[in-house]
Amino acid sequence: MEQTTRLYADLQRRPNGDSGWSEIYDRFVARLTALEAGRSAPSAGARFPDLQLPDHHGQYQSLQALQGNRPMIVSFVRGGWCPYCRGELEQWREQMPALAAAGGRLVVVVGEIAGGADRIHAMLGGEAVVLCDIDHGAALDLGLAYHAGADLLQRYHDAGLDLTDVYGTASGILPIPATFLIDSRGLVRQACVDPDFRVRADPAAMVVALTQL
């Protein structure tokens, strides 16, 4: 995954206003917004589906079984190669003690292969459950995945990132980052879904909301 490390370093060096990335990101987000991407994802009051996916050890896990009778936060991320996801995961790591004290659990869903889930598990200090969404199947079922588009794929390729290597598929699909707060009954209490992958739920605020269930 050397190419992802190079891409991350490259993006981190660039100012937020760099037109080379921001313009193509803006076009990508505008397209997803026009398609109403994420509108069909589970919303507040809905029952969250019982996903059954392999964890970072390759063992299939049931989301319902993982939850038990306690509240849970489920976060879909693009992967450790994405600087915005890395920033979100770093904030989650800081919140893990507070989340555990509140009796909650964090489950992160990611489509990465080749050890990507292992790296995310390590980023979170081994305190969260990381599930592997092979071929973005769960994200697609939930309305959380769309084609990246030729412009963005080409830009990533030029920067040294091949999404086929990252996800093990040449589909060109990227998940929409999303965070769901689920109560002990399996009902969604908060859903943070935004086609703009640069906008993320605030982990600290999500933990506070969980303590108030």
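This is a predicted model, so every value here is computed, not measured. Start at 1 with the first residue, then count along the sequence.
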* **Within 45° cone of Phe197 ring axis and under 6.0 Å: Arg78 NZ or CZ** => yes
* Asked: Would Asp50 and Ser62 count as having a side-chain donor-acceptor pair, cut-off 3.5 Å?
  -> yes
* Verify the cluster assignment for Leu152 and Val166: are they in a single hydrophobic cluster under the rule of side-chain heavy atoms below 4.5 Å apart? => yes
* **Exam field: side chain Gln64 to backbone Gln67, donor-acceptor pair closer than 3.5 Å** => no
* **CG-CD1 distance between Asp151 and Ile24, expressed to the nearest 0.5 angstrom** => 4.5 Å
* To do: Compare all side-chain heavy atoms of Pro42 with those of Phe180 and state whether any distance is below 4.5 angstrom.
  => yes
* Asked: Step by step, would you call Val107 with Ile73 a side chain to side chain contact (heavy atoms under 4.5 Å, CB included)?
  -> CA-CA 6 Å; Val107 176; Ile73 293 171; over 6 Å; no
* Asked: Is any side-chain heavy atom of Leu106 closer than 4.5 Å to a side-chain heavy atom of Leu99?
  -> yes
* Interatomic spacing from CD in Gln190 to CG in Asp183 - rounded to 0.5 Å -> 11.5 Å
* Between Val207 and Leu66, is there a shared hydrophobic cluster once you connect ILVMFWY residues whose side-chain heavy atoms come closer than 4.5 Å? -> no
* Asked: Counting N and O atoms only, with roles assigned by atom type, does the side chain of Asp194 sit under 3.5 Å from a partner on the main chain of Asp196, one being a donor and the other an acceptor?
  -> yes
* **Asp26 vs Arg198, salt bridge (charged side-chain N to carboxylate O under 4.0 Å, His left out): CA-CA, chis, key distance, verdict** => CA-CA 10 Å; Asp26 289 344; Arg198 297 165 292 190; 2.9 Å; yes
* Are the side chains of Val77 and Val109 in touch, meaning some heavy atoms are under 4.5 Å apart? -> no
* Structure fact -> Minimal heavy-atom distance between Trp81 and Glu112, with the atoms involved, is CD1-OE2, 3.5 Å
* Asked: Within the distance-only criterion (no hydrogens, no angle test), does the side chain of Gln61 pair as donor or acceptor with the backbone N or O of Leu131 below 3.5 angstrom?
  -> no
* Structure fact -> For Leu210 and Ala102, the nearest pair of non-hydrogen atoms, with its separation, is CD2-CB, 3.7 Å
* By the rule that ILVMFWY residues connect when side-chain heavy atoms come within less than 4.5 angstrom, directly or transitively, which residues belong alongside Ile173? -> Leu140
* Quick one: do Leu142 and Met72 end up in the same hydrophobic cluster if we chain Ile, Leu, Val, Met, Phe, Trp and Tyr together by side-chain heavy atoms under 4.5 Å apart? -> yes
* **Shortest non-hydrogen contact from Gly80 toward Ile120** => N-CD1, 3.9 Å
* Asked: What do you reckon, are the aromatic ring centroids of Phe28 and Trp21 less than 6.0 Å apart?
  -> no
* **Under 3.5 Å donor-acceptor, Arg189 side chain and Ile182 backbone** => no
* To do: State, with a plain yes or no, whether a side-chain heavy atom of Cys132 is found less than 4.5 Å away from one of Asp55.
  => no
* For the pair Tyr156 and Asp162, evaluate side chain to side chain contact (heavy atoms under 4.5 Å, CB included) and give the outcome as yes or no after the intermediate values. => CA-CA 7 Å; Tyr156 280 152; Asp162 186 347; over 6 Å; no
* State the CG-OG distance between Leu144 and Ser40, to the nearest 0.5 angstrom. => 7.5 Å
* **Asp133 side chain near Val110 side chain, heavy-atom distance below 4.5 Å** => no
* Any donor and acceptor pair, going by atom type alone, linking the side chain of Arg47 with main-chain N or O of Arg185 inside 3.5 Å? -> yes
* Asked: Which heavy atom of Pro195 sits nearest a heavy atom of Val29, and at what distance?
  -> O-CG2, 4.0 Å
* Test Trp92 against Leu124 for side chain to side chain contact (heavy atoms under 4.5 Å, CB included), laying out the working first. => CA-CA 7 Å; Trp92 273 119; Leu124 294 165; 3.8 Å; yes
* Joint cluster assignment, Leu213 & Val188, ILVMFWY side-chain distance < 4.5 Å -> no
* Is the number of heavy atoms from other residues, nucleotides or ligands under 6.0 Å of Asp158 CG greater than 12? -> yes
* To do: Ignoring hydrogens and angles, tell me if any N or O in the side chain of His147 forms a donor-acceptor pair with the backbone of Gly149 under 3.5 Å.
  => yes
* What residue among Glu88, Met206, Arg200 forms side-chain contact (heavy atoms from CB on, under 4.5 Å) with Ser75? -> Glu88
* Are side-chain heavy atoms of Met123 and Glu90 found at a separation under 4.5 Å? -> no
* Asked: Under 4.5 Å between any side-chain heavy atoms of His136 and Pro175, yes or no?
  -> yes
* Measure up the Phe76 and Phe48 rings against each other and bin them: parallel (under 30°), tilted (30 to 60°), perpendicular (over 60°). => tilted
* To do: Kindly indicate whether the side chain of Val108, heavy atoms from C-beta on, has any atom under 4.5 Å from the side chain of Val129.
  => no
* Asked: What are the two closest heavy atoms between Gln91 and Pro203, and how far apart are they?
  -> OE1-CD, 3.5 Å
* Using the rule that two of Ile, Leu, Val, Met, Phe, Trp, Tyr join whenever any of their side-chain heavy atoms come within less than 4.5 Å, decide whether Ile176 and Leu51 are in one cluster. => yes
* Please name the pair of heavy atoms, one in Leu187 and one in Gly45, separated by the smallest distance, quoted to 0.1 Å. => CD2-O, 4.1 Å
